[in-house]
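Here's the structure we're looking at; comments come further down.
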Amino acid sequence: MIKITLKGGTVKEYEAGVTAAEVAKDLGAGLYKAACAAKIGNKLVDLRTPITEDCELAILTFDDDEGKRAFWHTASHLMAQAVQNLFPAAQCTIGPAVDGGFFYDFAVEKPFTAEDLVKIEAEMKRIVKEGAELTRFELEPAEALELMKNNKFKTELINEHAGKGEKISFFKQGDFTDLCAGPHLPDVSRIKAFKLTSTTGAYWRGDSTRDNLCRIYGTAFPKASELDAYLEAVEEAKKRDHNKIGRELHYFCTADVIGQGLPLLMPKGAKLFQILNRYVQDKEENEYGYVMTRTPLMAKSDLYKISGHWDHYKDGMFVLGDEEKDKEVYALRPMTCPFQYNVYLSEMHSYRDLPMRYGETSTLFRNEASGEMHGLIRVRQFTISEGHLILRPDQLEQEFKNCVRLIQEIMTDIGLINDISYRFSKWDPNDTEKYIGTADMWNEAEGLMRNILDDMNMKYIEEIGEAAFYGPKLDVQMKNVHGKEDTLCTVQIDLMLARQFDMTYVAQDGTKQYPYIIHRTSLGCYERTIALLLEKYAGAMPMWLSPEQVRVLPIGDAQSEYANGVLAKLKKAGIRCTIDERREKIGYKIREAQMEKIPYMLVIGDKEVEALSVAVRSRSAGDKGTMSIDEFVSLAKKENDEKTLA
RNA sequence: GCUUCUGUAGUUUAAUGGUAAAACAGAUCAUUCGUAAUGAUCCGUUGUCAGUUCGAUUCUGACCAGAAGCUCCA
């Protein structure tokens with residue numbers, strides 16, 4: 001007999017060799033029916049796994065993240081089976097669970113169409129009705145290769161696993177067998193509600209030089225109502241898409257003749273940019289000891305050769321001129337680093353001068369691949385709150401922490417602090433081509449960063465191969481309405497580029513030393529942040545970020561003089577406001593202001609003129625009644641100055 | 001760059017191998033109105049370039065642009 005400790009600390013005894021499924025059944029029929037996978041200790045296992053020794057056991061259902069993934073993963077096998085039945089020539093490759101569902105990649109002659117998806121769904125329904133059990137079995141690599149000999153993709157995977165001396169595990173349901181590590185549901189019939197959402201291209205193993213596969217995305221749930229709720233939530237989220245709302249509300253637009261990835265900020269977008277920019281610059285200068293630079297938007301290729309960009313990033317740069325023909329070739333800058341380094345290089349620095357904190361509102365140009373552009377989130381020209389800190393090694397920790405603190409303060413003020421996550425982006429030691437410097441330097445830089453992050457008790461995920469070519473990064477990540485994650489801000493430790501540029505300081509002992517460098521952004525890329533703010537607030541910007549904060553709405557011409565007086569008072573108080581003096585009904589003017597999501601409307605009629613007051617309407621709370629002009633001005637000013645987010 | 005899809009007025013949407021429709025927006029006129037749409041009149045369009053055709057917005061191709069995904073993202 002073995003002792004199994006369950007959730008909540010209950011201990012039960014079972015025969016050795018009992019499976020997790022059997023334990024679940026023993027605990028309750030409901031739990032058994034809902035079980036998707038299990039966890040023994042910290043190890044995720046299939047429900048069929050026999051348990052041979054004392055352990056902690058958790059039965060995972062669809063409500064657990066890992067249970068969901070097993071559910072979706074099984075759904076992907078179900079889909080693969082349906083595809084195999086309908087398109088026998090389609091070769092299966094891989095099909096994992098992802099956030100919100102699953103996909104499966106197939107090698108096919110002709111990509112699937114929307115009609116094909118409908119047929120595949122119908123076939124899946126038929127299979128579910130039959131209700132095949134899934135069974136797991138293992139083979140020696142040679143046997144596995146024999147079984148999958150007609151599938152070059154599976155063969156490649158088997159050979160890789162075999163190289164590690166592993167047995168090869170398979171899952172089989174009905175007549176469909178797939179190479180897979182699991183875990184899986186015991187039975188496909190549990191997958192009651194599913195939808196195939198889209199079909200797209202994908203590369204084998206994510207490598208653009210290899211086979212182009214056809215991917216089908218889908219999602220699945222135990223209940224139809226859950227599926228409906230999910231699909232509705234996805235639709236709702238899309239309504240907040242900055243690319244839609246930002247254009248509708250006239251924050252930005254694009255023009256075919258100007259080019260891809262080159263959005264135009266309209267007056268409202270430009271105003272929001274200015275609000276954020278002034279706020280960031282003031283904060284950096286007044287609270288964090290930055291000095292500003294203003295450096296050129298382009299440079300000779302020589303500069304990028306020193307920085308390493310010419311070797312590591314030339315494809316991503318807009319080069320002006322022809323290297324073959326022209327004596328000198330220029331390129332638009334894809335980053336600010338070497339420009340600010342040259343500011344540093346222009347004079348001698350003592351250890352007493354450090355840290356030097358250079359900030360710049362910096363416009364950059366990156367020649368992104370044509371399929372990459374997305375609204376304001378991925379563009380070819382953008383402006384970031386750039387900064388480089390030149391430091392002595394002993395200053396690294398403090399300065400790094402301050403960079404993180406600055407970011408956190410800004411994220412708090414603009415209301416995104418609870419929407420961001422942190423990523424520790426490391427180099428890939430197996431892909432040294434992409435990086436400069438030695439393994440020792442990388443280990444040192446990453447060790448320094450890890451210590452600081454842990455010292456700050458920061459929660460972060462680690463990602464290999466996401467580092468900059470010159471150093472590790474702490475990336476501040478945020479998801480857009482489509483669930484796609486992008487980097488908002490970054491703080492990077494660079495022990496390498498000071499050497500490339502021969503940047504030095506004179507130490508206490510008179511020797512020349514190489515400084516450490518921190519590359520960082522505080523608010524990140526303005527365009528991207530504006531995009532994510534639009535999505536966060538569905539266009540209804542908090543007062544302090546609203547391009548137009550108050551609109552004065554006189555009911556008729558008779559109130560014009562008084563209304564303009566109110567406008568002047570607001571302007572004097574620094575409130576961004578306009579007046580709508582058109583001869584329209586008040587309901588019409590209100591509707592427009594409401595749809596433009598202006599925080600406050602001030603209705604002015606004879607009563608207000610008489611009482612020297614204003615009738616306040618808020619976009620969220622509606623008619624708030626009348627108050628004196630001064631009362632409203634101080635209320636508006638307070639909300640603006642305190643950066644109220646509600 | 002790759003896969004799939006899309007492109008009709010400023011915007012949202014309709015229709016068609018044979019003169020392209022509506023709403024909103026805009027302009028003009030009238031209306032001076034109390035918390036989400038006053039009325040009338042006018043204005044304006046098939047992304048671009050080729051091809052097929054007597055005739056193309058419709059079919060085909062290329063290009064341009066947009067969407068989702070892949071790849072990429074210093």
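Note that the structure is a prediction, hence the values are computed from the model and not measured.
At the heavy-atom level, A:Gly605 lies under 4.0 Å from base atoms of the strands shown. The residue A:Tyr588 sits close only to the backbone: its heavy atoms come under 4.0 Å of sugar-phosphate atoms, none of a base. If you check every strand for non-hydrogen atoms under 4.0 Å, A:Ser198 touches nothing. Heavy atoms of A:Ala369 sit under 4.0 angstrom from at least one base atom. Among the atoms of the strands shown, only primed sugar atoms or phosphate atoms (P, OP1, OP2) are found under 4.0 Å from some heavy atom of A:His482. Residue-level contact check: A:Glu372 touches the bases, meaning some heavy atom is under 4.0 Å from a base atom. At the heavy-atom level, A:Arg617 lies under 4.0 Å from base atoms of the strands shown. Looking at heavy-atom distances under 4.0 Å, A:Glu608 makes contact with a base. Heavy atoms of A:Phe112 sit nowhere under 4.0 angstrom from any nucleic acid atom. A:Ile555 comes within contact range of at least one nucleobase, with a heavy-atom separation under 4.0 Å. Contact annotation for A:Glu584: base contact, defined as any heavy-atom pair under 4.0 Å involving a base atom. Within the nucleic acid shown, A:Ala615 comes within 4.0 Å of at least one base atom, counting heavy atoms only. When heavy atoms are screened at a 4.0 angstrom cut-off, A:His519 is found touching no nucleic acid atom at all. Within 4.0 Å (heavy atoms only), A:Gly587 reaches sugar-phosphate atoms of the nucleic acid but no base atom.
Taking atom P on both B:U60 and B:G17, the two are 13 Å apart, rounded to the nearest angstrom. Atom C1' of B:U19 sits at a distance of 23 Å from the matching atom of B:G7, rounded to the whole Å. Atom C1' of B:A36 sits at a distance of 23 Å from the matching atom of B:A40, rounded to the whole Å. Comparing the C1' positions of B:U48 and B:C24 gives a spacing of 28 Å, expressed to the nearest Å. One C1' atom belongs to B:U57, the other to B:G1, and the distance between them is 31 Å to the nearest Å. B:C72 and B:C2 have their C1' atoms separated by 12 Å, with the value rounded to a whole Å. If you take atom C1' in B:A15 and the same atom in B:A56, they sit 15 Å apart, rounded to whole Å. Between the C1' atoms of B:G39 and B:G51, the separation comes to 50 Å (whole Å).
Under the 30°/60° scheme for interplanar angles, the aromatic rings of A:Phe469 and A:His309 are found to stand perpendicular. Between A:His374 and A:His482, the ring planes lie perpendicular to each other; the angle is over 60°, past the 30° to 60° tilted range. Between A:Trp442 and A:Trp427, the two ring planes are parallel [angle under 30°; tilted spans 30° to 60°].
Look at OH on A:Tyr251: it is 20 Å from P on B:U11, rounded to the nearest Å. Atom CZ of A:Phe103 and atom P of B:G69 are 13 Å apart (whole Å). A:Lys244 has its NZ atom 8 Å from the P atom of B:U12, to the nearest Å. To the nearest angstrom, C1' of B:U71 lies 16 Å from CZ of A:Arg205. Between A:Arg210 atom CZ and B:U71 atom P the separation is 14 Å, expressed in whole Å. Straight-line distance from the CD1 atom of A:Ile598 to the C1' atom of B:A36: 13 Å, rounded to whole Å. Taking atom CG of A:Leu553 as the reference point, atom P of B:A36 lies 12 Å away to the nearest angstrom. The distance from atom CZ of A:Arg247 to atom C1' of B:A25 is 18 Å, rounded to the nearest whole Å.
Pair assignment for B:G10: B:C24, on the basis of Watson-Crick or G-U wobble contacts that are both within less than 3.5 Å. Base pairing analysis places B:U45 opposite nothing; no Watson-Crick or G-U wobble pair with both distances below 3.5 Å involves it. Nucleotide B:C54 has B:G18 as its partner under the Watson-Crick or G-U criteria, with both atom distances under 3.5 Å. Of the nucleotides present, B:U4 is the one that pairs with B:A67 by Watson-Crick or G-U wobble criteria, both distances under 3.5 Å. The pairing partner recorded for B:A30 is B:U38, the criterion being a Watson-Crick or G-U wobble arrangement whose two distances lie under 3.5 angstrom.
In this structure, A:Glu462 pairs ionically with A:Arg450, as a charged nitrogen and a carboxylate oxygen lie closer than 4.0 Å. Look at A:Arg333 and A:Glu360 and you find a salt bridge, because one of the NZ, NE, NH1 or NH2 atoms lies within 4.0 Å of a carboxylate O, short of that distance. Between A:Lys239 and A:Glu236 there is a salt bridge, with a side-chain nitrogen of the basic residue lying less than 4.0 Å from a carboxylate oxygen of the acidic one.
Close to B:G66, at under 4.0 Å from its OP1 or OP2, lies no side-chain N or O of A:Asn243.
Between A:His374 and A:Asp623, the residue anchored nearer the 5' end of RNA chain B, judged by the nucleotide with its closest heavy atom, is A:Asp623. Of the two residues contacting RNA chain B, namely A:Thr626 and A:Arg215, the nearest-nucleotide position lying further toward the 5' end is that of A:Thr626.
Residue side chain A:Arg378 reaches the base of B:C72 through a donor-acceptor N/O pair under 3.5 Å, judged by distance alone. Between the side chain of A:Gln594 and the base of B:U35 there is no donor-acceptor pair of N/O atoms closer than 3.5 Å. Scanning atom types as modelled, one donor and one acceptor separated by under 3.5 angstrom connect the side chain of A:Tyr203 and the base of B:G1.
Ranking B:G26, B:G34, B:C64 by closeness to the A:Lys607 side chain, first place goes to B:G34. In the set B:U3, B:G34, B:C64, the nucleotide with an atom closest to the side chain of A:Asp256 is B:C64. The side chain of A:Gln260 lies closest to B:A65, out of B:C33, B:C72, B:A65. Among B:C70, B:G34, B:G26, the nucleotide with an atom closest to any side-chain atom of A:Tyr217 is B:C70. With B:A68, B:A36, B:C73 as the choices, the nucleotide that has an atom nearest any side-chain atom of A:Arg366 turns out to be B:C73. The nucleotide whose nearest atom lies closest to any side-chain atom of A:Arg591 is, among B:A36, B:C72, B:A67, B:A36.
Note: A:Phe87 and A:Phe106 fail the aromatic proximity criterion, with ring centroids not under 6.0 Å apart. Remark: aromatic rings of A:His388 and A:Tyr344 are distant, center separation not under 6.0 Å. Aromatic pair A:Phe365/A:Phe318: centroids not less than 6.0 angstrom apart.
Not one N or O on the side chain of A:Thr93 forms a donor-acceptor pair closer than 3.5 Å with the backbone of A:Phe153.
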